[in-house]
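In what follows, chains are A, B, ... by sequence order, proteins preceding strands, each numbered from 1.
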Number of protein chains: 2
Amino acid sequence: MSSRSQTITAILTKAILDHRLVPGCKLGERELSEIFDVSRIVIRQALIRLADDGLATIERNRGAFVAKPSLQEALELYDALTLVEQGVAAQLSERLGPSGWNELRQHVERQRQAVEAGNDALADLLGQEYHTLFVRLSRNKVMQEIHAQLIRRTTLLRSLIPADFDYCNLLDDHSRLIDLLEKGRLKPAMELIASHHNTVVRGYIMDRPAHVELTPRDALAPYLDTTRPEKGSRGSENASEIREEAGGTTSQAGKTNKIRSHRHDGHHSANANPEGTLQ
Amino acid sequence: MSSRSQTITAILTKAILDHRLVPGCKLGERELSEIFDVSRIVIRQALIRLADDGLATIERNRGAFVAKPSLQEALELYDALTLVEQGVAAQLSERLGPSGWNELRQHVERQRQAVEAGNDALADLLGQEYHTLFVRLSRNKVMQEIHAQLIRRTTLLRSLIPADFDYCNLLDDHSRLIDLLEKGRLKPAMELIASHHNTVVRGYIMDRPAHVELTPRDALAPYLDTTRPEKGSRGSENASEIREEAGGTTSQAGKTNKIRSHRHDGHHSANANPEGTLQ
DNA sequence: AAAATCTATATTGATATCCAATCCTGCATT
DNA sequence: AATGCAGGATTGGATATCAATATAGATTTT
C-alpha cells in the first residue's frame, strides 16, 4: 500500500475539504504526530505534500497552516478553472461521441432526482462530480489532475466564505451546457461556463465568513482508526461514519447547504472585502 | 531563506531540465545525501517535492527515479499545454493593451536577433521564455504556475527524445500569433497554437533516443558549492560555470541544439514507438 | 499605566542512529 | 536451464538530540 505519510496527506486533505480544518488553522508537527501516532518526520512529509497542492502554507520556523487564499488568488482560481473547463468543453464538442453525452445527461438526471428527493448532500456531491466527469471525458489524465487540484483549492475557498449555495447546484446550467456543446454551439457554451463560475464567485464575495474553528484533534477524530488503543483524549466516532458524512453537511462546522436556483441577476456591488485576504 | 530541502529540490529540478539527469536515472537517497552532504531525510523531502511536480516517481521500497513519461502522457502533456495556451490567448486577445503586445513583439525581436547572431543557446532560451511571458501577461499566478509545471514536464520529455530542434524556435509562429490575436482573429490564432505544439510533438515522436546517462555525482557536480571542502571524488568545476551553461548546450550530454525552420510538411508515419514508454 | 526590552519556552529544521520490511542479486540446487 | 533460497542493500520509519528562531511572558523603563 501507500506510505503512511501519503495516507496522512489524504486524511488531512479530506479534513480540509470537509471544512473541518479551516484556513489559518495551525498544523503543528508535534500535535499531529500525537494525533496520528507517528513520528514528526512523517507529518512533515505530509505537510510538504499539502503545501505543494496549495492546501497549506509552510512558514519557515513557524510551521504549517491551512492555506488562506487572498481574494486575488480566489479570483485567479476561478479564472483558471473557467479557462480549463472552457478548453475541455471545446475539445469535447469536437471529439465526444453519443455515449459520452449520454453519460453526462445521466449524471445530471441523477442529480435532479437527488434534488427532488430533498437529498441536499447528495445533490451537492453530484453537482461537484459533474465537473470532474466532464473533464474525465477528455481522457487526459494530466488535465484531470490539474482540474482536480483547482477544484480542491476552490473547495478550500468555500470554507473561507460559506456561501448559502454550494459550488454546483446550478443544475440547469449543466443541462444546457450539454445541449449547446452537442449541437456545436461553442460560443454560447463558453459564455455559459464563464457565467456559471462567475455566479459562484460572486456569491462568495459578498458573504461574510463563519465556520467554527475546530482544533486539529477534534477535526481529525472521525478519520482516525479507533480500532487500536487511543492515546489522546476523546474520539468515540469510528471510521465508517466518515463515508456517510462525505461531501455532506458537517453539523459542527455550521455549514448550510441550501439548494437554490440561480441568481444571474444579482450584480451586487462586490466590494464587501476590498483588501487582501478573505479573512 | 528557504530550507535546504527546497534548495536541493531546485537543484535537482534544474539538473533534470538541463538533461543531465535523464529519465529512469535512479535517485538514491544515500547517494544524494552524500553528494549534497545532508541527511537522508532532507533528500527524501526533496524527492517528494520532485514527485509532486511530476519530474520524479517514487516506488515504494524501491526508491525514486527521474520520471519517464509514457508516450500517452507525452501526448496528454502537449494537449494540456495547447489547451492552456489557447485559453490564455483568448483572454489576452480581449484584455491585453498595446503595451502588452509591444512587450511580446520586443521579445520576438530579441530572439530574432539572437538567431541572426548565431547564438543558438540564447535563441532557444528566449524561444521558451516567449511562452512563459505570454502566460505572465494574463496576470494570473495560478495559471502561470500550472503552465510552468507543464513546461517543466515537456522539457523533461525532450531529454527522452532529443529532437534536433528545440521547443520554441518556431519564430514565425510566435510573431504571427501576436498579429492574429491583436487583430482579434481568434480562430486562426487557436489553430496556430495547436499546430505549433503539434509540430513539436511530431518532431519528437519519430526521433530515436540518445542522451548519455550520467551518474548523479557527475550530473550534479556543476551545481555544488565547491567553496567548502569536498568529500567526494571529482568536482573541479565551480558554481559560476553553471550560469554560463544555463539553458545552453551541455556537451557532456551530447545534446544538439540546432536552430531550424519549421517542417509543417512532415507527416512522417508516427509509429516509431507504438508501445508504452518512450524508452 | 503604557511602551519597550529582555528572557524563557516552544516549535521548527536538521542530524545521527537504529530497526523492520522489502526488493534485488547471486549462489546453490534440482 | 530454471527454480528457489539466503544475504545484502535500500527504503520507510522511529527516536533522541541539537541549534536556530519565534512567540509569549516577565521585567524594566518612560
Side-chain angles (χ1 to χ4, degrees), chain A residues 1-12 21 24-52 55-68 213 215-217 219-220 223-225 228-233, chain B residues 1-12 21 24-52 55-68 213 215-217 219-220 224-225 228-232:
Chain A
M1 281 280 284
S2 57
S3 64
R4 236 178 272 216
S5 76
Q6 280 174 304
T7 308
I8 291 175
T9 305
I11 293 176
L12 289 175
L21 289 171
C25 177
K26 177 78 189 285
L27 300 171
E29 293 184 3
R30 184 171 309 280
E31 185 175 12
L32 291 176
S33 70
E34 285 169 8
I35 291 173
F36 289 106
D37 194 29
V38 296
S39 73
R40 269 176 57 207
I41 290 164
V42 175
I43 298 296
R44 187 111 115 241
Q45 289 164 359
L47 292 176
I48 287 175
R49 278 190 248 259
L50 270 193
D52 278 350
L55 296 183
T57 57
I58 297 177
E59 299 176 30
R60 187 176 168 90
N61 281 319
R62 290 212 46 223
F65 305 83
V66 178
K68 202 172 190 172
E213 174 151 1
T215 69
R217 177 153 258 129
L220 295 170
Y223 305 99
L224 297 179
D225 177 16
R228 60 149 200 271
E230 275 290 325
K231 271 179 159 182
S233 46
Chain B
M1 283 281 283
S2 57
S3 64
R4 231 172 278 213
S5 75
Q6 280 174 304
T7 308
I8 291 174
T9 305
I11 292 176
L12 288 176
L21 289 171
C25 178
K26 176 77 188 287
L27 299 171
E29 293 184 3
R30 186 172 310 279
E31 185 175 12
L32 291 175
S33 71
E34 285 168 9
I35 292 173
F36 288 106
D37 194 28
V38 295
S39 71
R40 267 177 57 206
I41 289 163
V42 175
I43 297 296
R44 188 114 111 237
Q45 290 164 358
L47 293 177
I48 287 175
R49 288 203 177 92
L50 270 193
D52 279 351
L55 296 183
T57 57
I58 297 176
E59 298 176 31
R60 190 179 166 88
N61 282 317
R62 292 216 40 227
F65 305 83
V66 178
K68 201 172 190 173
E213 175 150 359
T215 69
R217 177 153 257 128
L220 296 169
L224 298 177
D225 177 15
R228 60 151 201 266
E230 275 290 325
K231 272 180 158 183

Checklist outcome for this item: Its contact letters, B for base, S for sugar-phosphate only and - for none at protein heavy atoms under 4.0 Å, make nucleotides 6-17 of chain C read -----SBBBBB-
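Take B:Arg44 and apply the salt bridge (charged side-chain N to carboxylate O under 4.0 Å, His left out) test, not counting sequence neighbours, and it matches B:Glu29.
The two residues B:Ser5 and B:Ala46 come nearest to each other via the heavy atoms O-CB, 3.6 Å. A pairwise comparison of heavy atoms in A:Leu50 and A:Thr9 identifies CD2-O, 4.2 Å as the closest pair. The heavy-atom pair separating B:Gly63 from B:Lys26 by the smallest distance is CA-CE, 4.2 Å.
In this structure, the separation between CG on B:Leu47 and CG on B:Leu12 is 6.5 Å, given to the nearest 0.5 Å. Distance check, rounded to the nearest 0.5 Å: CD1 of A:Ile41 to CZ of A:Arg4 gives 13.0 Å.
B:Leu47 places its CG atom 13 Å from the C1' atom of D:dT10, with the value rounded to the nearest Å. One atom, CZ of B:Phe65, and another, C1' of D:dT10, lie 10 Å apart when rounded to the nearest Å.
When side chains are defined from C-beta on, A:Ile11 counts as touching A:Phe36, because their heavy atoms get closer than 4.5 Å. The shortest side-chain heavy-atom distance between B:Leu32 and B:Ile8 does not fall under the 4.5 Å cut-off.
A rotation axis mapping the C1' atoms of four pairs onto the next four is fitted at both ends of the helix from C:dA1-D:dT30 to C:dT30-D:dA1 over five pairs, and the angle between these axes is 10° to 10 degrees.
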